[in-house]
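Below: the structure, in structure tokens.
Just so you know, ligand 1 is whichever comes first in the structure, and atom 1 is the first atom listed for that ligand. Bear in mind the structure is a predicted one, so any value in this text is a computation, not a measurement. Position 1 is the first residue of the sequence; numbering continues from there.
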Amino acid sequence: MYDVIIIGSGPAGLTAGIYTARANLKTLCIAGNIWGGQLMQTTLVENYPGFPEGIQGPDLMLNMRKQAEKMGVEIIDQDVTRVDFSKLPHEVYVSDVSYESHATIIATGAEFKWLGFPNEQKLIGRGVSACATCDAAFFKDKKVVVVGGGDSAMEEALYLTKFASEVIVIHRRDVFRASHIMQERVRAHPKIKIMFNTVVTDVLGENKVEGIVTTTGNIVCDGLFVAIGHTPATKIFENQIKLDAKGYALREQEARGIFIAGDVHDHKYRQAITAAGYGCEAALDAERYLSENSQHGS
Ligand code: NAP
């Protein structure tokens with residue numbers, strides 16, 4: 001029996017753990033088979049306060065994990081497979097093993113969105129990717145396409161220029177939604193070409209990407225980087241918590257001892273620092289909920 005179970009181990013989950021464990025609440029963090037969240041796939045993070053020279057994403061997450069463990073958070077690196085929040089204590093399952101908690105903090109984040117063609121899925125890891133920082137090095141002196149018009153697409157394109165000979169950014173509208181500074185960097189880069197008002201409709205290639213089909217013609221290329229946003233990781237919570245129309249978790253579920261933190265509900269800011277802030281909020285709310293319901297330490 002735990003006072004608090006935290007599901008997820010990105011900045012939201014680990015910050016929540018630092019706070020709950022420090023408040024002497026018995027805390028279990030079920031971190032996922034792949035722990036750490038999206039920052040594990042990032043390189044230099046320049047906008048997380050406290051690191052004037054920036055910090056590598058995985059290093060930042062490792063520091064947060066060590067800090068949570070030092071405070072006393074138990075961490076297991078497995079995926080939650082099922083939850084039952086219909087009664088108290090909550091039940092959180094990892095395969096057949098059930099863990100019980102008086103309060104649960106959901107911090108499962110969000111996953112990459114894909115364009116949705118069969119060949120796209122088939123060629124993931126063979127030229128199709130959603131993570132330039134993971135895969136860019138495979139495209140030395142190659143021609144690659146990035147799809148999307150947000151900050152992620154700009155970031156992916158700029159990162160790819162370190163390796164690729166040519167980067168084409170394809171966006172479905174005639175204006176990017178990315179921040180001004182990122183757009184300017186992309187527009188100014190000699191290796192990057194921009195195609196507006198173009199929709200990618202298929203990926204070509206049997207065993208590796210050989211090109212793409214678009215509404216403005218076919219393009220021969222070696223890689224396709226999809227940077228079109230994210231889907232909240234809420235599948236296991238369907239019918240257990242309130243979700244909005246896009247599947248993001250709604251936050252006002254505290255009366256049932258359920259607290260929500262980070263990108264799993266935040267489709268607006270999606271920053272490491274905001275996720276950490278939400279993790280802090282969720283932990284403080286859970287602490288207050290437990291003390292008001294006299295369950296702390298029971
Ligand atoms: P986003 O801002 O939601 O942008 C997604 C882009 O993909 C949009 O341009 C969208 O087009 C396009 N798109 C969506 N579905 C599509 C589809 N099916 N086919 C083709 N294009 C599609 O997502 P994001 O870029 O991942 O950014 C998410 C948040 O994280 C933002 O708040 C962003 O500022 C932040 N972020 C910040 C940084 C940074 O500060 N360094 C880096 C990365 C992300 P439309 O524009 O037409 O909708």
Side-chain angles (χ1 to χ4, degrees), residues 10-12 37-49 51 53-58 60-61 109-121 124 128-136 144-162 167-189 192 194-203 212-216 219 221 224-233 244-248 262-278:
Q38 291 177 42
L39 279 183
M40 296 300 274
Q41 294 167 350
T42 309
T43 49
L44 191 64
V45 179
E46 291 181 306
N47 52 11
Y48 198 90
F51 301 94
E53 306 305 323
I55 181 167
Q56 296 292 317
L60 180 59
M61 294 321 300
E111 293 156 0
F112 297 119
K113 253 165 75 176
W114 296 99
L115 292 165
F117 324 122
N119 223 22
E120 175 193 44
Q121 290 303 302
I124 288 174
V128 173
S129 171
C131 177
T133 49
C134 318
D135 298 330
V144 295
V145 165
V146 176
V147 188
D151 279 325
S152 296
M154 305 299 113
E155 210 170 58
E156 299 276 282
L158 289 164
Y159 192 79
L160 280 159
T161 59
K162 294 182 188 188
V167 180
I168 303 174
V169 177
I170 295 184
H171 182 37
R172 61 185 178 183
R173 291 189 295 136
D174 61 354
V175 42
F176 287 135
R177 73 167 61 231
S179 55
H180 186 71
I181 182 171
M182 295 296 275
Q183 288 193 35
E184 284 311 304
R185 284 182 194 168
V186 163
R187 286 178 204 276
H189 202 290
I192 300 178
I194 298 167
M195 289 174 68
F196 286 119
N197 295 317
T198 302
V199 174
V200 177
T201 54
D202 208 352
V203 192
I212 56 166
V213 183
T214 81
T215 47
T216 50
I219 296 171
C221 63
L224 173 67
F225 284 78
V226 180
I228 60 169
H230 300 88
T231 309
D244 73 8
K246 288 185 172 169
Y248 284 90
D263 288 12
V264 72
H265 87 89
D266 169 27
H267 41 77
K268 186 166 180 199
Y269 302 105
R270 290 172 169 147
Q271 302 299 299
I273 186 67
T274 48
Y278 285 124

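The heavy atom nearest to atom 36 (N) of ligand 1, out of those in Asp151, Asn47, Val45, is found in Asp151.
Scanning the protein heavy atoms around atom 48 (O) of ligand 1, the nearest turns out to be Arg177 NH2, 2.7 Å. For atom 37 (C) of ligand 1, the nearest protein heavy atom (residue, atom name, distance) is Gln271 NE2, 3.5 Å. Atom 47 (O) of ligand 1 has its closest protein heavy atom at Arg173 NE, 2.7 Å. Remark: minimum distance from atom 23 (O) of ligand 1 to any protein heavy atom is reached at Gly229 CA, 3.7 Å. In this structure, atom 39 (C) of ligand 1 lies nearest to the protein heavy atom Glu155 OE2, 4.0 Å. Protein heavy atom in closest approach to atom 17 (C) of ligand 1: Arg172 NH1, 3.5 Å. Considering only non-hydrogen protein atoms, atom 7 (O) of ligand 1 sits nearest to Ile228 CA, 3.2 Å. Of the protein's heavy atoms, Ser152 OG, 3.2 Å lies nearest to atom 24 (P) of ligand 1.
Inter-residue side-chain proximity for Val167 and Val146 is flagged as met; some heavy-atom pair is nearer than 4.5 Å. Considering only heavy atoms from C-beta on, Asn47 stays 4.5 Å or farther from Ile273 through its side chain. Taking 4.5 Å as the limit, some side-chain heavy atom of Tyr269 sits within range of a side-chain heavy atom of Tyr278. For the pair Gln38/Asp263, a side-chain contact is recorded, criterion being any heavy-atom separation below 4.5 Å from C-beta on. Two residues are said to be in side-chain contact when any heavy atoms from C-beta on lie closer than 4.5 Å; Leu160 and Ile192 fail this criterion.
When each atom of ligand 1 is checked for a heavy atom of His230 under 4.0 Å away, the hits are 26 (O).
Using a 4.0 Å heavy-atom cutoff, Lys268 is listed among the residues neighbouring ligand 1. Residue His171 places a heavy atom under 4.0 Å from ligand 1.
Protein heavy atoms are absent from the space less than 4.0 angstrom from atom 31 (C) of ligand 1.
Ring-plane geometry between Phe51 and Tyr48 is classed as tilted, the angle between the planes lying from 30 to 60 degrees on a 0 to 90 degree scale. Using bins of under 30°, 30° to 60° and over 60° for the plane-to-plane angle, the ring pair Phe196/Phe176 lands in the tilted bin.
Here the closest heavy-atom approach between residue Val226 and residue Lys113 is recorded as CG1-O, 3.6 Å. In terms of heavy-atom proximity, Ser152 sits nearest to Ala227 at C-CB, 4.0 Å.
Only the side chain of Leu115 comes within 4.0 Å of ligand 1, counting heavy atoms alone; its backbone N, CA, C and O stay farther away.
Taking distance alone, with nitrogen or oxygen atoms compared against 3.5 Å, Gly148 stays at or beyond that limit from ligand 1.
Here Met182 contributes atom CE and Glu155 contributes atom CD; the two are 4.5 Å apart, rounded to the nearest 0.5 Å.
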